[in-house]
Amino acid sequence: MPADLAVIGLGPYGLPLAQAAVAAGIPTIGYRTGPEAGSLSAAEQRRMLAQGFRTTANAAELGRVRTAVICAPTPRGADGGLDLSQLETAARTLAARLRPHTTVILESPVPPGTTEGPLLRLLESGSGLRAGRDFHLAHSPSRVDPGNRDFSPANTPKVIGGLTPACTESAAAFYGRITDKVVRARGLREAETVQLLETNFRHVNIALVNEMAALCHDLGIDLWDVLRCAETKPFGFQAFRPGPGVGGHTAPQDLTAHAGRTLRMAELAQEVNSRMPRYVVQRAAALLNEHGKSARGARVLLLGVTYKPDLADQQGAPAQEIAVRLMELGASVSYHDPHVPSWNVLDRPVPRADSLYEAAAEADLTVLLQQHRTYDLQGLSVKAQLLLDTRGATPTGAAHRL
């Protein structure tokens with residue numbers, strides 16, 4: 001059966017879109033843009049294949065679809081900005097096969113102005129077609145939340161902004177087959193900036209509560225009780241939780257530098273959140289010292305080395321930096337994670353604990369970095385010699401909390 005949809009990029013943005021499309025009965029092909037790691041389980045991917053999804057390395061097939069959605073990763077580059085190289089490669093590949101009347105949608109996180117700037121130029125120059133006249137061009141910010149059981153693409157409103165009103169309506173018609181609600185933005189740049197705002201909202205609020213965690217610890221205040229009480233307010237407050245650092249595929253973005261301006265709050269949030277792995281190690285060393293042990297030679301067990309609970313994805317997870325800093329202090333580091341069978345730090349394998357409780361009993365310090373559902377935290381708090389909980393997940397008084 002010929003495909004209606006081509007998803008270009010099968011990483012954290014593309015795979016969930018393809019999953020939602022085939023579940024809605026849309027014949028879909030996937031085209032990889034690089035060595036991408038998605039967040040779907042092997043069982044979910046097998047189910048997609050059974051529903052008719054297939055991947056292809058034949059770029060010619062991109063010219064046979066009605067809709068092409070570019071979901072290429074845009075990771076941080078060496079200069080701290082977003083690396084658009086995979087996006088540009090995807091655009092050139094698609095442009096060479098682009099047919100009239102195709103709807104092209106960009107879902108990758110990009111600086112405002114990218115869709116109507118570099119992407120449009122690449123598509124037009126490579127195809128000889130004109131956006132808005134010969135083909136439709138739109139942007140729709142990705143709103144994927146891996147592992148979220150309450151919200152999926154089907155019940156998450158989809159924001160769409162097109163180059164022209166007709167482009168917006170063409171994209172809306174496509175997403176209307178997948179999601180319950182479509183929200184029309186004024187244009188391309190407004191749609192691009194939605195993700196900028198949503199991402200920075202999360203990071204700024206996490207940074208605030210991370211600073212509160214350090215302050216409350218210094219003042220002897222139970223931050224977790226403060227949060228419990230504060231979130232009872234039915235207006236004007238949304239509870240965020242501190243943690244050992246912020247991971248994931250969507251980094252905090254200050255994408256306005258090209259316009260001669262910066263988002264100072266985004267810069268500050270990045271500074272605060274990037275300090276958290278160092279702060280966790282400082283707290284770990286202090287706890288060991290309080291119990292008559294030095295970090296040098298201490299056996300430290302790290303629990304959960306992924307960036308999100310119950311997922312295998314390690315993109316940007318703070319566990320990597322925490323392990324490095326502990327090793328620099330001379331600690332002997334091991335780990336346990338039911339989703340990560342092997343883990344390398346500084347190009348060396350880290351010993352993996354087979355038995356969680358035995359390892360916690362033997363370790364001088366156990367640090368909970370990720371709250372996987374399989375962890376029995378009540379039992380763990382009893383078995384561990386010394387437990388630092390960076391997620392506030394253990395029962396009150398059962399562990400030292402961040």
Discussion item. Whether the side chain of R241 engages the backbone of L227 through a donor-acceptor N/O pair (distance < 3.5 Å, no angle test) should be reported.
Written reply: no

Residues passing the ring pair (Phe, Tyr, Trp, His ring centres under 6.0 Å) test with W343, sequence neighbours excluded, are Y335

For residues 392-402, the salt bridge (Lys or Arg N to Asp or Glu O under 4.0 Å) pairs (sequence neighbours left out) are none

In short, salt bridge (Lys or Arg N to Asp or Glu O under 4.0 Å) pairs touching residues 84-106 with sequence neighbours left out are none

G132 and L163 have their tightest heavy-atom pair at N-CD2, 3.9 Å

| message | Looking at E44 and R47, is there a salt bridge between them, counting it only when a charged N and a carboxylate O are closer than 4.0 Å? | response | no

Separation between CZ (F237) and OG1 (T232), nearest 0.5 Å, reads 9.0 Å

Only one of T193, T168, L120, T115 passes side-chain contact (heavy atoms from CB on, under 4.5 Å) with L188, and that residue is T115

Residues pairing under salt bridge (Lys or Arg N to Asp or Glu O under 4.0 Å) where one sits in residues 283-306, two or more places apart or in two chains, turn out to be K293-D364, R299-D364

Give a yes-or-no answer on whether the side chains of T33 and Q86 include a donor-acceptor pair shorter than 3.5 Å.
yes

Residue pairs meeting ring-ring contact (aromatic ring centres under 6.0 Å, His included), one or both in residues 366-399, sequence neighbours left out, come to H336-Y375, H339-H372, H372-Y375

Hits for side-chain hydrogen bond (donor to acceptor under 3.5 Å, both in side chains) against E107, two or more places apart or cross-chain, chain-then-number order -> K158, Y175

Rounding to 0.5 Å, atoms CG (L223) and CG (L215) come to a distance of 9.0 Å

- Message: Contact between L402 and M276 at the side-chain level, heavy atoms closer than 4.5 Å - yes or no?
- Response: yes

Sorted by chain and residue number, the side-chain contact (heavy atoms from CB on, under 4.5 Å) partners of R121 (sequence neighbours excluded) come out as P118

Here the ring-ring contact (aromatic ring centres under 6.0 Å, His included) pairs for residues 136-172, sequence neighbours left out, are none

side-chain hydrogen bond (donor to acceptor under 3.5 Å, both in side chains) filter on R184, not counting sequence neighbours, yields E169

message = Please check: side-chain N/O of E190 versus main-chain N/O of G187, any donor-acceptor pairing under 3.5 Å?
response = yes

E116 meets the side-chain hydrogen bond (donor to acceptor under 3.5 Å, both in side chains) criterion, sequence neighbours left out, with R189

Here the gap from L17 atom CG to I178 atom CD1, rounded to the nearest 0.5 Å, amounts to 5.0 Å

When rounded to the nearest 0.5 Å, the distance separating CG of L388 from NE2 of H400 is 8.5 Å

Backbone N or O of G25 within a donor-acceptor pair of the D4 side chain at under 3.5 Å? no

- request: Taking atom types as modelled, find out whether E192 and T114 have a side-chain donor-acceptor pair closer than 3.5 angstrom.
  value: no

Sequence neighbours excluded, the answer for side-chain contact (heavy atoms from CB on, under 4.5 Å) partners of T164 is A166, C167

Rounded to the nearest 0.5 angstrom, the CG-CG distance for L137 and L123 is 6.5 Å

* Asked: Are more than 12 heavy atoms from other residues, nucleotides or ligands located less than 6.0 Å from atom CE of M327?
  -> yes

Without swapping roles, check the side chain of T28 against the backbone of I26 for a donor-acceptor pair under 3.5 Å. yes

Side-chain (E124) to main-chain (A131) donor-acceptor, under 3.5 angstrom:
yes

The side-chain hydrogen bond (donor to acceptor under 3.5 Å, both in side chains) partners of T394 (sequence neighbours excluded) come to D389

One should read off an interatomic distance between Q314 CD and D337 CG, to the nearest 0.5 angstrom, of 7.5 Å

Looking only at heavy atoms, the pair that brings I70 and A90 closest together is CG2-CB, 4.1 Å

Q.
For a quick check under 3.5 Å, do N58 and T56 share a side-chain donor-acceptor pair by atom type?
A. no

